[in-house]
Number of protein chains: 2
Amino acid sequence: MRYVEGVPKQVDHEQRRRHLAEAVFAVISTQGFEAVSLRDVAEQAGVSMGTVQHYFPTKQQMLLFALSHMRDRVLARLQTTVAALREPTRRDLIRAATAVMLPVDPAGREEACVNIAFFSAATVTPAYAEQLRNGYGRILTVSVANFREASRLGELRDGVDPEVEAPALYFLTQGLVGPILVGLYSPAEALALIDAQLDRLFRAGTHAASTADKPRP
Amino acid sequence: MRYVEGVPKQVDHEQRRRHLAEAVFAVISTQGFEAVSLRDVAEQAGVSMGTVQHYFPTKQQMLLFALSHMRDRVLARLQTTVAALREPTRRDLIRAATAVMLPVDPAGREEACVNIAFFSAATVTPAYAEQLRNGYGRILTVSVANFREASRLGELRDGVDPEVEAPALYFLTQGLVGPILVGLYSPAEALALIDAQLDRLFRAGTHAASTADKPRP
DNA sequence: ACGGTTATCATGCGATCGCATTACAAAACC
DNA sequence: GGTTTTGTAATGCGATCGCATGATAACCGT
């Protein structure tokens, strides 16, 4: 029988897989990565264990798909957040993107829990490491491009090298995730630290408003 | 029977526990956190499973002790590395401490693997989170103190706020650990990024030599 | 209409897990 | 020197794991 691409018989195969991936996220962020079992995922998704096996032959493939779906989910949330800004400056874009990657709301916290779990697993599972390099490398590339554009537009202070400061701000953001998750640093402190760095990198008046109340128009 | 404190009967109880903790580290960094079983740890340590149970009533207590031992081990390596410096400036101290926390050698990589594994587990196990806050909070405090001292000695450039830049450099370092572990960033690139930040924070001539060959005396 | 495919579920199986139990040798105590 | 305590090992047990198998109903193309 011929297999016609993109025309599912009864259900949307990929959507089911994404739904199961979301169940994986819920289990990881509530019970932990090591507690992920096919039975837990099935229960979380409201289906039987056999259904999970139907969409993922092995547990490894399920987790690997979940990781790639998490990458897509973070990128989508980044794009949505950025698109919601009205006439943003480069600083506004970078600030918003940074805030998305920090666990400041339930969605961000779930994503951070899942990502740190896969980072840990990636140290012994090369397939995870490759996927993480893909996702995080992509965001880093975009961040550097944003800084380059800001530099071209003259929004950066004198002497600020976008090739150095873009990765620095990006990895600083990543470094804040863990401490926030374990309660060593609060989201507010983290954002204050980010804003302090942005103040150092960008000229004054190159963004709408940082943390203060925005003045009436 | 009376229990005389600090006088072990035949073996050094705490040393045995540390030895088992090191076996835990080896298992985590080679097989992963979820693969840690009492049998694996026993085999890695060269003892029977019953011996592991003798020193740790439960697996949880074993892992919790391992985490506290890892904190001690990192702090000891920090102290040893810093003590080996000859007439270091504050910048030299901070640079050395930063390099210790990055996975640049096998020891550092093992520690990073273990720490990121516990960070992941800490999101669902408060006891781990508390232990991590303790360890990382301590290092952060020392780092801030070092920056304050550098500021007092006039080694920092004008306008550099130690209360902001100390945490920023510290979390930047933490943010580099994960990307290095998964191969997104090389240790050399990471150290170059750190040195670029140090160049920005410290006045010229406040350290012996950064990356260039040191001139003859 | 009907054979074939797909989606779903229930169940079974071997392996492994944490933990409890037991046995035994060596050191310590009185 | 006999008893108690401690270190070490071996083994058993119930639970859970990933995965394989079989059954059942819905949907498809011809």
Side-chain angles (χ1 to χ4, degrees), chain A residues 1-24 27-28 30-67 117 121 124-125 127-128, chain B residues 1-24 27-28 30-67 117 121 124-125 127-128:
Chain A
M1 155 182 202
R2 196 166 35 157
Y3 190 47
V4 184
E5 171 188 339
V7 181
K9 294 308 159 81
Q10 311 173 216
V11 302
D12 188 334
H13 211 81
E14 284 306 304
Q15 178 177 331
R16 288 272 206 229
R17 285 162 67 95
R18 286 191 292 268
H19 178 236
L20 290 174
E22 293 287 333
V24 171
V27 173
I28 290 180
T30 56
Q31 266 92 33
F33 189 81
E34 54 180 333
V36 173
S37 70
L38 300 185
R39 289 165 179 84
D40 288 342
V41 173
E43 185 183 13
Q44 178 71 37
V47 299
S48 74
M49 208 182 96
T51 298
V52 178
Q53 292 183 273
H54 175 67
Y55 289 99
F56 298 106
T58 69
K59 182 184 177 183
Q60 276 278 336
Q61 296 184 36
M62 178 183 72
L63 290 173
L64 194 56
F65 176 84
L67 178 54
V124 292
T125 305
Y128 296 159
Chain B
M1 153 182 213
R2 196 167 34 156
Y3 190 47
V4 184
E5 171 188 340
V7 181
K9 295 307 158 82
Q10 312 173 216
V11 302
D12 188 334
H13 212 82
E14 284 307 304
Q15 179 177 330
R16 290 273 205 223
R17 286 162 66 97
R18 286 191 291 269
H19 178 236
L20 291 174
E22 293 287 334
V24 171
V27 173
I28 290 180
T30 57
Q31 267 93 32
F33 189 82
E34 54 180 334
V36 173
S37 70
L38 299 185
R39 289 164 179 84
D40 288 341
V41 173
E43 186 183 12
Q44 178 70 37
V47 298
S48 75
M49 206 180 102
T51 298
V52 178
Q53 291 184 276
H54 175 67
Y55 289 99
F56 298 106
T58 68
K59 182 184 177 183
Q60 277 277 336
Q61 295 185 35
M62 178 183 73
L63 290 173
L64 195 56
F65 176 85
L67 178 53
V124 290
T125 305
Y128 296 159

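The sequence lines fix the lettering, A, B, ..., with proteins before strands; numbering per chain opens at 1. As the structure is a computational prediction, the values presented were derived from the model and not from experiment.
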Enquirer: Kindly give the heavy-atom pair with the smallest separation between B:I28 and B:A117, and that separation in Å.
Expert: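 Smallest interatomic distance, heavy atoms only, reads CG2-CB, 4.0 Å.
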Enquirer: Describe, as an angle rounded to 10 degrees, how the axis at the first end of the helix from C:dA1-D:dT30 to C:dC30-D:dG1 is tilted relative to the axis at the last end, five pairs per end.
Expert: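 The helix from C:dA1-D:dT30 to C:dC30-D:dG1 shows an end-to-end axis angle of 10°.
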Enquirer: Under 4.0 Å: is that the gap between some side-chain N or O of B:H13 and OP1 or OP2 of D:dT6?
Expert: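 Answer is no, no contact under 4.0 Å.
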Enquirer: Taking all non-hydrogen atoms of both residues, which atom of B:V24 and which atom of B:A66 are closest, and how far apart?
Expert: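 Nearest heavy atoms, B:V24 then B:A66: CG1-CB, 4.0 Å.
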Enquirer: For the CG atom of A:L20 and the NE2 atom of A:H54, what is their distance to the nearest 0.5 Å?
Expert: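 If I round to the nearest 0.5 Å, the distance is 10.5 Å.
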Enquirer: When the ring planes of B:F65 and B:F56 are compared, do they come out parallel, tilted or perpendicular, using 30° and 60° as the limits?
Expert: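 Rings of B:F65 and B:F56: tilted, 30 to 60°.
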Enquirer: Taking 4.0 Å as the cut-off, does a side-chain nitrogen or oxygen of A:Y55 come that near to OP1 or OP2 on C:dT8?
Expert: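 Checking C:dT8 against A:Y55, a side-chain N or O does come within under 4.0 Å of OP1 or OP2.
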Enquirer: For every nucleotide of nucleotides 12-20 of chain D, 5' to 3': is a protein heavy atom under 4.0 Å from its base (B), only from its sugar-phosphate (S), or from neither (-)?
Expert: B----BBBB
Enquirer: B:R16 side chain to B:Y55 main-chain N or O, any donor-acceptor pair under 3.5 Å?
Expert: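 Checking the backbone N and O of B:Y55 against the side chain of B:R16, no donor-acceptor pair under 3.5 Å is found.
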Enquirer: To the nearest Å, how far apart are B:F56 CZ and D:dG7 P?
Expert: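 Going from CZ in B:F56 over to P in D:dG7 covers 13 Å.
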Enquirer: Under 3.5 Å, is there a donor-acceptor pair between the side chain of A:K59 and the main chain of A:V36?
Expert: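 Yes: the side chain of A:K59 pairs with the backbone of A:V36.
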Enquirer: Would you say A:H54 places a side-chain N or O within less than 4.0 Å of OP1 or OP2 belonging to C:dT8?
Expert: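 No, because none of the side-chain N or O atoms of A:H54 sits under 4.0 Å from OP1 or OP2 of C:dT8.
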Enquirer: Test of understanding: with side chain to side chain donor-acceptor pair (under 3.5 Å), list the residues that count as partners of A:T125, not counting sequence neighbours.
Expert: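 Counting only residues at least two positions away or on another chain, A:T125 forms no side chain to side chain donor-acceptor pair (under 3.5 Å).
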Enquirer: Can you see which heavy atom on B:A35 is nearest to which on B:D40, and at what distance?
Expert: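 In terms of heavy atoms, the two residues are closest at O-OD2, 2.9 Å.
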Enquirer: With a 4.0 Å limit, can you tell me whether A:T51 has a side-chain N or O closer than that to the phosphate oxygens OP1/OP2 of C:dC9?
Expert: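 Yes, within the criterion.
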Enquirer: Between atom CZ in B:R17 and atom P in D:dT6, what is the gap in whole Å?
Expert: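 Whole-Å distance recorded here is 15 Å.
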